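Notes for the one structure printed next.
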Amino acid sequence: VVKMMRSSRLKGQVVQALRQGVRLKSNDASATPYPNMLAPLDLGFTTIKNRVLMGSMHTGLETSGIFFPKPLDDMAAYFEARAKGGVGIMVTGGIAPNQQGKVSPFAATMTSQSHADRHKLVTDVVHQYDTKICMQILHAGRYAYHPFPVAPSKLKSPISIATPSKMSDRKIWNTIEDYANCAVLARSAGYDGVEIMGSEGYLINEFLATRTNQRDDEWGGAYENRMRFPIEIVKRTRELVGDDFILIFRLSMLDLVEKGSTWDEIVLLAKALEAAGVTIINTGIGWHEARIPTIATLVPRAAYTWVTKKLKPEMNIPLVAVNRINTPEIAEKVLADGHCDMVSMARPLLADAEFVNKAAEGRADEINTCIGCNQACLDHTFKGQLASCLVNPFACHERKYKDVLNPTTSPKKVAVIGAGPSGLAAAVTAAQRGHEVHLYDAAAAIGGQLNMAKAVPGKEEFNETIRYFGKMIEKHGVNLHLNTKATTEMLAGEFDDVMLATGVKPRQLKIEGIDHPKVLSYIDVLRNKATVGKSVAVIGAGGIGFDVADFLSHGSRQSSLVVQDFLEEWGIDGKLEHRGGIVPEEFEKSQRDITLLQRKSTKVGKGLGKTTGWIHRATLQKRGVKFMKGVEYNKVDDEGLHITVNNEKKVLPVDHVIICAGQEPLRELEESLKAAGTNVHRIGGADVAAELDAKAAIKQGTLEAGKL
């Protein structure tokens with residue numbers, strides 16, 4: 001803190017101000033609604049230009065390549081876009097300090113000067129914009145997805161493929177040296193610092209908790225022994241890199257697993273880390289194996305910043321708050337309220353690389369807000385695919401799609417039919433490029449099926465996507481025609497190109513009684529708000545079926561909006577009195593008797609998101625929703641839904657049967673337009689009627705408009 005006082009910008013302030021949110025205004029920040037977010041942070045030996053830290057994400061851009069080192073041009077372009085967009089400091093995806101620490105077989109390491117030299121391309125381009133960049137050093141420990149993981153004890157994790165080998169004393173000391181040498185190499189590569197990954201259940205975290213550390217030597221047993229590993233890493237690293245190099249430590253402040261750390265242990269470790277030479281402590285929330293949501297869209301905004309706030313009075317170095325901070329207003333509030341000194345935003349900067357600049361320039365309403373869906377970022381990563389973003393297909397593809405938004409040399413008059421996600425993306429992209437765009441929709445508002453999605457508890461963030469596209473329509477001069485059903489007569493001969501984004505209609509099951517009054521579609525329930533009885537059968541266990549079951553089983557708690565409701569529902573100890581931060585959960589049972597059925601004999605909900613599917617399944621099960629698989633649907637009549645399961649005929653005596661059994665494309669204009677000689681482009685659900693796939697729809701609409 002004394003070092004921080006040296007800057008002339010901070011003269012006259014008191015240490016207590018630094019420790020209670022650092023509510024300081026620079027000349028640049030004072031004229032904005034976000035003075036705390038935009039205030040510089042002086043570390044004594046260097047200054048970070050604002051309080052926004054771009055958190056580490058495994059994007060796939062940093063991977064090593066299969067046979068030969070992969071060029072880092074795409075990684076450089078990705079970080080350049082965020083540096084140019086105004087971020088103060090960024091942290092790369094995890095880089096292993098040795099071979100056994102790699103997350104996966106082709107994950108990146110930093111173990112030689114040749115590795116470091118490749119990264120100079122990244123650091124050089126970032127430094128052009130007065131932005132700092134740190135490399136995250138991550139040893140996966142027992143989470144490694146390769147055959148030779150190591151850990152403090154020989155205990156396999158529930159999400160891993162192999163049982164780890166127990167590290168010997170010599171292996172531990174060698175690994176400490178590997179961390180320190182990795183930091184030295186990072187410095188030679190031009191990085192301003194490193195982040196030592198000590199949370200999320202990776203190796204360092206595994207040493208700290210008795211859940212994973214059952215040693216009886218000087219590295220196990222008492223907490224002073226279990227915390228020795230991270231302290232030795234930090235001490236040796238600081239010794240080798242010197243005093244003028246940023247050391248961030250990602251500290252697990254809330255493990256959310258049984259036999260995790262106590263709060264007293266976390267405070268003890270934090271103070272020891274500060275004494276050992278850490279510059280900044282970043283917050284880690286939850287182990288990867290924890291069965292409590294930490295970043296999904298159903299987690300309230302800033303749901304975990306209270307944890308960081310609790311540690312703040314104990315520390316004299318800056319603290320970073322994390323998770324679901326996705327707007328400048330939320331960032332400003334947690335800083336102004338003294339929860340932290342910096343805010344970490346990872347996915348929000350995938351969604352909009354210009355986030356900080358837009359906020360600073362009074363254009364916050366133009367920010368493309370992260371909705372926390374995980375569909376194109378974490379889900380891609382855990383499937384071994386290159387990360388991107390549902391609302392921003394340019395993310396991690398900056399070089400590949402660099403020409404998509406180039407101004408057109410041949411302006412056209414373009415009609416886009418349908419203001420759902422694909423139509424909105426196409427209309428805005430085409431208008432940005434200089435085409436005259438007319439967007440038609442028969443509804444009274446834009447959004448299409450996003451308007452149904454946002455009605456589902458936990459998916460309120462889709463309001464932000466609709467808000468963003470509304471602003472872009474206004475900004476780029478799209479001619480919007482609502483309450484207007486487009487016809488061939490209206491379009492033919494008037495437009496050079498027509499983009500058909502007319503969406504989908506529910507697929508009708510061919511069973512007896514499908515026209516019975518008991519039968520409703522998901523549109524009847526989610527959009528038209530049909531009255532639904534106390535006993536319900538939902539046919540179809542894809543994303544839509546789960547959404548309908550969630551919508552109908554939801555109780556009085558607003559757990560996706562109110563932090564206290566969320567903590568109580570998922571059993572998170574808001575007082576931090578229990579080890580691991582967990583207490584008995586308090587889920588409300590559904591007031592309806594709901595059965596979710598599917599034809600397939602595979603696990604119900606198997607096709608849901610890789611990183612969020614378990615949350616949706618757990619939520620419904622905890623509310624008492626019943627799952628049935630391998631179901632044959634026979635008929636619907638006054639008795640209810642007649643089915644066959646395991647060759648046994650049954651009747652579910654339900655009030656309503658809701659059909660969520662897929663969709664069919666709406667293409668009624670296509671043939672007549674083509675016959676009239678019009679250039680027609682099918683996009684979104686009108687092209688492929690999949691599971692209301694907004695990710696594919698926005699990407700296709702954007703790229704197709706880029707070809708006009």
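Keep in mind the model is a prediction, meaning the values are calculated, not measured.
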So, the side chain of Thr644 versus the backbone of Lys649: is there a donor-acceptor pair under 3.5 Å, distance only?
-> no
Residue pair His616 / Asp547, side-chain donor-acceptor N/O under 3.5 Å = no
Between Thr612 and Asn374, do the side chains contain an N or O donor and an N or O acceptor separated by less than 3.5 Å?
-> no
Give a yes-or-no answer on whether the side chains of Ser535 and Asp655 include a donor-acceptor pair shorter than 3.5 Å.
-> yes
Can you tell me if Glu512 and Asn634 form a side-chain donor-acceptor pair at under 3.5 Å?
-> no
Can any side-chain N or O of Arg142 pair as donor or acceptor with the backbone N or O of Pro164 at less than 3.5 Å?
-> no
Do Thr92 and Glu62 get their side chains close enough for a donor-acceptor pair, meaning under 3.5 Å?
-> no
Parallel under 30°, tilted from 30 to 60°, perpendicular over 60°: which one fits the rings of Phe148 and His146?
-> tilted
Flag side-chain contact, heavy atom, 4.5 Å: Ile371 against Leu390 = yes
Going by atom types only, do Tyr633 and His642 share a side-chain donor-acceptor pair under 3.5 Å?
-> no
Lys510 NZ: over 12 foreign heavy atoms closer than 6.0 Å = no
Any side-chain heavy-atom pair from Val299 and Tyr304 closer than 4.5 angstrom?
-> yes
Within the distance-only criterion (no hydrogens, no angle test), does the side chain of Lys102 pair as donor or acceptor with the backbone N or O of Pro105 below 3.5 angstrom?
-> yes
Does any donor atom in the side chain of Thr369 or Asn326 lie under 3.5 Å from an acceptor atom in the other side chain?
-> no
Is the number of heavy atoms from other residues, nucleotides or ligands under 6.0 Å of Gln591 CD greater than 12?
-> no
Which of parallel (below 30°), tilted (30 to 60°) and perpendicular (above 60°) describes Phe587 and Trp570?
-> perpendicular
Would you call Ile514 and Val636 a side-chain contact if the rule is heavy atoms closer than 4.5 Å?
-> no
Establish, from distance only, whether the side-chain atoms of Asp637 and His516 form a donor-acceptor pair under 3.5 Å.
-> no
Does a donor on one side chain sit under 3.5 Å from an acceptor on the other, for Ser559 and Glu569?
-> yes
Short N-O contact, Arg682 and Glu670, less than 4.0 angstrom = yes
Ignoring hydrogens and geometry, is there a side-chain-to-backbone donor-acceptor pair from His397 to Ala395 under 3.5 Å?
-> yes
What do the steps show when you test Asn213 against Leu208 for side-chain contact (heavy atoms from CB on, under 4.5 Å), and what is the final call?
-> CA-CA 7 Å; Asn213 185 343; Leu208 294 169; over 6 Å; no
Verify the neighbour count for atom NZ of Lys166: are there more than 12 heavy atoms of other residues, nucleotides or ligands below 6.0 Å?
-> yes
Under 3.5 Å, is there a donor-acceptor pair between the Tyr143 and Glu289 side chains?
-> yes
Could you tell me whether the side chain of Asn392 reaches within less than 4.5 Å of the side chain of Asp352, counting heavy atoms only?
-> no
Heavy-atom count around Lys610 NZ within 6.0 Å, excluding the residue itself: above 12?
-> no
Say whether Glu200 and Ser252, considering side chains only, have a donor N or O and an acceptor N or O under 3.5 Å apart.
-> no
When the ring centroid of Tyr78 is compared with that of Phe394, is the distance short of 6.0 Å?
-> no
Does NZ in Lys156 sit with more than 12 non-hydrogen atoms of other residues, nucleotides or ligands closer than 6.0 Å?
-> yes
Return yes when atom CG of Asn528 has more than 12 non-hydrogen atoms of other residues, nucleotides or ligands closer than 6.0 Å, and no otherwise.
-> yes
Do Gln663 and Arg507 have side-chain heavy atoms sitting under 4.5 Å apart?
-> no
